[in-house]
Every structure is written in C-alpha cells, then in structure tokens.
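Before any comments, here is the structure.
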Amino acid sequence: KNEVEQSPQNLTAQEGEFITINCSYSVGISALHWLQQHPGGGIVSLFMLSSGKKKHGRLIATINIQEKHSSLHITASHPRDSAVYICAVRTPMNRDDKIIFGKGTRLHILP
Amino acid sequence: EPEVTQTPSHQVTQMGQEVILRCVPISNHLYFYWYRQILGQKVEFLVSFYNNEISEKSEIFDDQFSVERPDGSNFTLKIRSTKLEDSAMYFCASSGRGLGVETQYFGPGTRLLVL
C-alpha cells in the first residue's frame with residue numbers, strides 16, 4: 001500500500017477552470033510539501049504545510065491533520081500551469097525526516 | 001534569487017563504472033539531500049546529510065552509494081559501480097533547517113543513463 005496517495009492521476013481541464021488535486025497519507029508527518037515538476041524534469045517547491053492553509057498567487061494548499069489529507073487548488077487555471085504536481089510528506093525518523101513522495105498528478109490545461 | 005545547481009546535467013556511463021554527481025547547495029543552507037526519479041516513476045528519497053554526516057538514508061542507499069561534502073560548497077553523490085537500474089534523474093536539494101520546519105530547494109537534476 002502506498003503511504004502517499006494522490007488523486008486524480010491525470011487531469012485535463014480548460015483554461016480558467018478551478019483545479020483541485022488531492023493527497024492522502026497514512027503515516028505520521030511533520031510537514032507536507034506540494035511540488036511542481038515541469039516537463040523538463042525540474043522540481044519547484046510550491047508549499048510546505050504543517051497545518052491550516054497557505055496561499056500564493058492563484059495557488060492554495062490546505063491540510064487536515066486529523067483526516068491525513070491535503071488539497072492543492074489552482075484558481076483561474078492557465079496553460080502554463082500544466083505540469084506534474086507532487087505531494088510529499090516528511091515523516092520523522094531518528095535524527096532527521098524521511099520524505100515520501102506521491103506518484104504525482106499530471107495536469108494539462110487546454111487553452 | 002539563490003538556487004541549487006547540479007553538474008553535469010546529463011551523464012552517460014557504462015555499467016560497472018563509477019560516477020560522481022555534483023551539487024552546489026544554497027550557500028547558507030545546512031541540510032542536504034539526494035533523491036532519484038526513475039523514468040516514469042515517483043521521486044524517491046536517497047539520503048540526508050547534516051553536519052558532515054549522513055542523517056538518514058533509505059533502503060535504496062546501499063554500499064554502492066556514498067555522499068561527501070569535500071569542501072564548503074560542493075555536495076557529491078558517488079555511485080561506485082553503476083548498474084543498469086541506476087539510470088534515473090538524480091536531484092539534490094538543500095534547506096536551511098531540517099526536521100520539517102523549512103522548505104527544500106531542489107536543483108535541476110542530473111539525468112544518468114547507464115548502458
């Protein structure tokens with residue numbers, strides 16, 4: 001069983017649509033990351049959350065620690081938002097954290 | 001804006017050869033990480049490094065792998081005798097603090113192909 005599950009795996013939407021990507025996890029965490037991986041492979045960190053909600057521009061990330069669930073929302077989506085969005089959780093180990101990645105959600109925004 | 005850099009961007013090697021992947025973390029960061037992503041698969045944690053020693057490592061990080069911070073700026077990943085299954089994109093990351101309190105900054109990756 002995967003410790004980090006994302007849904008959907010693939011999402012195609014029209015420009016302007018409101019996008020939601022979900023992440024559920026089964027381990028105890030110290031924080032959760034949302035990352036964006038561009039078609040060329042580069043990874044950009046979007047958010048790090050340990051509680052509540054964060055907003056950056058058109059991106060909003062929420063986390064519910066009790067339900068072990070996080071969502072990433074994109075408002076007024078644009079073709080340049082097309083990328084793979086990865087949820088990753090930090091789980092405490094002995095001296096540092098181990099980070100466990102989800103398989104990613106491939107988002108394609110059509111003009 | 002400061003960024004993590006990695007060299008080379010691509011490397012092709014023969015099975016059994018040693019490779020060294022290089023990373024220059026953000027200069028005031030103290031925690032360093034290596035990850036890999038096999039083509040079409042999810043990103044996987046390899047190792048974290050702090051205070052000149054390994055903090056945590058995954059099951060993937062076996063005796064064939066080693067990390068080093070040979071000077072004040074570089075952070076390297078060595079694979080002693082590469083196998084075909086080591087072909088992947090390798091990402092370096094750094095953060096100012098560990099223990100989940102600060103975001104990590106990723107490098108652009110090194111694409112390793114083992115023939």
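Both backbone and side-chain heavy atoms feed into the values below; hydrogens, waters and symmetry mates do not. Here is the naming used below: chain letters follow the sequence lines, and residue numbers restart at 1 for every chain.
Rounded to the nearest 0.5 angstrom, B/Met89 CE and A/Ile43 CD1 are separated by 8.0 Å. Taken to the nearest 0.5 Å, the OG atom of B/Ser58 stands 10.5 Å off from the CD1 atom of A/Ile100.
For A/Phe101 and B/Tyr35, the gap between ring centers is short of 6.0 Å.
The two residues A/Leu35 and B/Phe106 come nearest to each other via the heavy atoms CD2-CE1, 3.9 Å. In terms of heavy atoms, A/Gln37 sits closest to B/Phe91 at NE2-CZ, 3.7 Å. The shortest non-hydrogen separation linking B/Gln104 to A/Arg90 is NE2-NH1, 3.1 Å.
In the hydrophobic cluster analysis, where Ile, Leu, Val, Met, Phe, Trp and Tyr join through side-chain heavy atoms closer than 4.5 angstrom, B/Ile54 is grouped together with B/Ile60.
The neighbour count for B/Gln14 CD, taken as heavy atoms of other residues, nucleotides or ligands under 6.0 Å away, does not exceed 12. In this structure, A/Arg106 places its CZ atom where only 12 or fewer heavy-atom neighbours from other residues, nucleotides or ligands lie under 6.0 Å away. Within 6.0 Å of atom CG in B/Asn51, more than 12 heavy atoms from other residues, nucleotides or ligands are found, so the atom counts as buried in its surroundings. When the shell of 6.0 Å around CG of B/Leu39 is examined, it contains 12 or fewer heavy atoms from other residues, nucleotides or ligands. Environment of CD in A/Gln14: crowded, with over 12 heavy atoms of neighbouring residues, nucleotides or ligands closer than 6.0 Å.
Contact of A/Ile86 with chain B is made through the side chain alone, with heavy-atom distances under 4.5 Å. Within the 4.5 angstrom heavy-atom criterion, only backbone atoms of B/Glu44 (N, CA, C, O) approach chain A.
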